[in-house]
Amino acid sequence: MAVALLLGGQANGNAGREMVIQLAALFVAYQAYASSTAGRVSDEKVVRWAGWVLAATIGLVLLHLVPLPYNLWAILSPVDTAKQVLEQLGLANGWRPFALDPAETFDNLLLLLPPIAMFYAVLRLSERGRTRLALVALGLAIVGAALGLLQYGSGTQSLDFYEATHIGFGSGYFANRNHQADFAIIGWLLAAGLIASPWVPTARFGAAGQAGILLLMSALFILAILATGSRGGFLLAVFAALAILIIRFAGNAGKLFGALIGAGALGAAILAIAASSGSALLGRTLERFGNEDEVRLIIWPRVLEIVQDTMPLGAGIGSFVEYYRFTEPLDMVGRKFVNSAHNEFLEIAFDAGIPGLLLLFAGIFVIGWAAWKALRGGLGDAGDYRRLQAVAGVAVIVLIAHSSFDYPLRTTGLAVTFAGLCGLLMPRPSDSTIVTSETDRTTVDSSARNTT
């Protein structure tokens with residue numbers, strides 16, 4: 001996770017950095033397979049279905065790389081322009097893979113390796129191991145939030161990890177400020193889920209101490225989100241705040257209602273003070289909501305047109321950027337180029353057609369199924385691990401929701417984080433025990449010693 005976040009913060013990133021992450025993923029995958037816990041993976045249906053969805057996804061990518069006789073390729077491929085170009089060049093013969101841009105398709109296949117390795121490694125972890133992994137992610141998020149605030153304060157790119165267009169904003173480990181906002185939200189959610197965990201040092205501080213620590217972390221992450229200037233991050237942070245309150249006060253309607261009223265009043269007061277004082281930290285974000293030159297709204301009608309042109313099989317995984325470039329209307333061509341559809345549903349529909357959309361919705365269904373199984377008992381008297389699963393579920397929703405108007409999961413760092421969050425939602429190995437209190441943790445530890 002650390003390697004992916006520190007080196008994989010850019011979509012379509014540097015090949016050398018991505019190779020290091022992929023080699024690390026191979027090492028993790030081998031260790032997970034060869035470790036003494038090999039075979040200790042829950043055999044529940046939801047885990048098996050997750051495996052089938054991942055296997056089908058890899059299979060679809062491989063199918064797009066299989067060479068086909070030209071005549072069969074011409075029948076299956078919906079890209080008439082490509083056929084006309086090949087005919088003009090006298091290359092309408094031989095064998096061709098289905099994908100319009102097979103090199104990019106192969107790159108996408110390699111990019112699947114780190115998140116899949118993370119997912120299967122998490123499946124083998126006990127409750128304690130999964131909690132420790134979440135704690136590592138929280139630590140990285142805290143450092144990333146502090147880095148983002150320093151970047152914002154410097155007003156230059158001297159502290160940025162990547163050469164980006166968002167100069168003067170806090171982008172943390174990422175090239176895109178929106179992705180930094182996502183990771184700060186994830187950190188905030190993990191802080192709320194881990195604060196009372198018996199495996200975390202804060203468990204001994206009591207309710208008042210935990211509340212104070214959570215407030216300090218909340219302030220850090222909220223400031224980091226505002227420093228990004230991300231409109232999507234701002235809206236998703238409001239959703240995350242409501243989710244945190246509901247999860248923290250689940251089972252106590254009176255306290256929940258009071259917390260919601262208090263949080264709403266505090267938020268309104270902060271907005272009013274910031275608006276009247278001309279606060280740059282909040283003002284730059286609010287000003288962007290009135291931007292009439294929103295690129296997404298300009299390109300989406302054209303993207304919808306080319307999606308319809310490439311149905312039902314798509315143009316090939318990873319082919320969107322190249323196809324869009326040579327079909328972009330001249331009145332939309334400018335200094336900047338479109339590097340994504342800024343909507344994963346549209347881009348997957350273009351790349352992989354109906355099969356890709358079916359796999360996408362199958363994956364979302366499996367994640368929802370896993371979350372329902374994890375949380376169906378409620379949170380009122382649940383163990384702290386179940387609260388961690390609840391915030392992981394909210395974080396997954398945040399990333400999926402943001403993917404409808406951006407591309408967070410095309411950065412390896414967030415893709416690996418997303419896979420880890422999905423792993424937290426999955427059933428633990430059969431010998432893992434839910435820990436509901438410090439007393440239970442002592443019992444579990446004693447039992448483990450006796451077994452040894």
Pair F418-I367, side chain to side chain contact (heavy atoms under 4.5 Å, CB included): steps then yes or no
CA-CA 11 Å; F418 177 81; I367 293 169; 3.8 Å; yes
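- Nearest heavy atom pair, residue A401 against residue L236, reads CB-CD2, 4.1 Å.
- Formation of a donor-acceptor pair under 3.5 Å by the Y324 side chain with backbone atoms of V303 is not found in this model.
- With contacts defined as side-chain heavy-atom distances shorter than 4.5 Å, the pair V416/T412 qualifies.
- With 3.5 Å as the limit, one finds no donor-acceptor pair spanning the side chains of N343 and S404.
- There is no side-chain donor-acceptor pair under 3.5 Å between T411 and Q10.
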Show, in sequence, the C-alpha distance, side-chain angles and deciding distance for Y407 and H342, and conclude whether the ring pair (Phe, Tyr, Trp, His ring centres under 6.0 Å) test is met.
CA-CA 6 Å; Y407 49 95; H342 290 270; 5.2 Å; yes
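- Taking 4.5 Å as the limit, every side-chain heavy atom of F320 sits out of range of all side-chain heavy atoms of L346.
- Between the side chains of D406 and H179, at least one donor N or O sits under 3.5 Å from an acceptor N or O.
- Annotation: side chain of T228 is not in contact with side chain of F234 (no heavy-atom distance under 4.5 Å).
- With ring centers used as reference points, F350 lies under 6.0 Å from Y323.
- Contact annotation: the side chain of W188 never approaches that of F183 to less than 4.5 Å [non-hydrogen atoms, C-beta and beyond].
- Using a 3.5 Å distance cut-off with no hydrogens or angles, the side chains of R130 and Y385 do pair a donor with an acceptor.
- Between L388 and V391 the shortest side-chain heavy-atom distance falls below 4.5 Å.
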Stepwise side chain to side chain contact (heavy atoms under 4.5 Å, CB included) test for L149 and L220
CA-CA 9 Å; L149 289 173; L220 171 66; 3.8 Å; yes
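- Looking only at distances, no side-chain donor or acceptor of S77 sits under 3.5 Å from a matching main-chain atom of W73.
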Side chain to side chain contact (heavy atoms under 4.5 Å, CB included), that's the test. Do R410 and N108 meet it? Break it down for me.
CA-CA 9 Å; R410 291 187 181 267; N108 275 259; 4.1 Å; yes
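- With hydrogens and angles disregarded, a donor-acceptor distance shorter than 3.5 Å links the side chain of T105 to the backbone of I317.
- Remark: the backbone N or O of A341 is paired with a side-chain donor or acceptor of W300 at under 3.5 angstrom.
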Checking I354 against M311 for the side chain to side chain contact (heavy atoms under 4.5 Å, CB included) test, could you report, in this order, the C-alpha distance in whole Å, the side-chain angles of both residues, the deciding distance, and whether it holds?
CA-CA 7 Å; I354 293 175; M311 280 294 176; 4.0 Å; yes
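- Between L140 and M1, some side-chain heavy-atom pair lies under the 4.5 Å cut-off.
- Counting only distance, with no hydrogens or angles, the side chain of E322 and the backbone of L100 share no donor-acceptor pair below 3.5 Å.
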Could you go through the side chain to side chain donor-acceptor pair (under 3.5 Å) check for D101 and S319 one step at a time?
CA-CA 5 Å; D101 188 352; S319 300; 5.8 Å; no
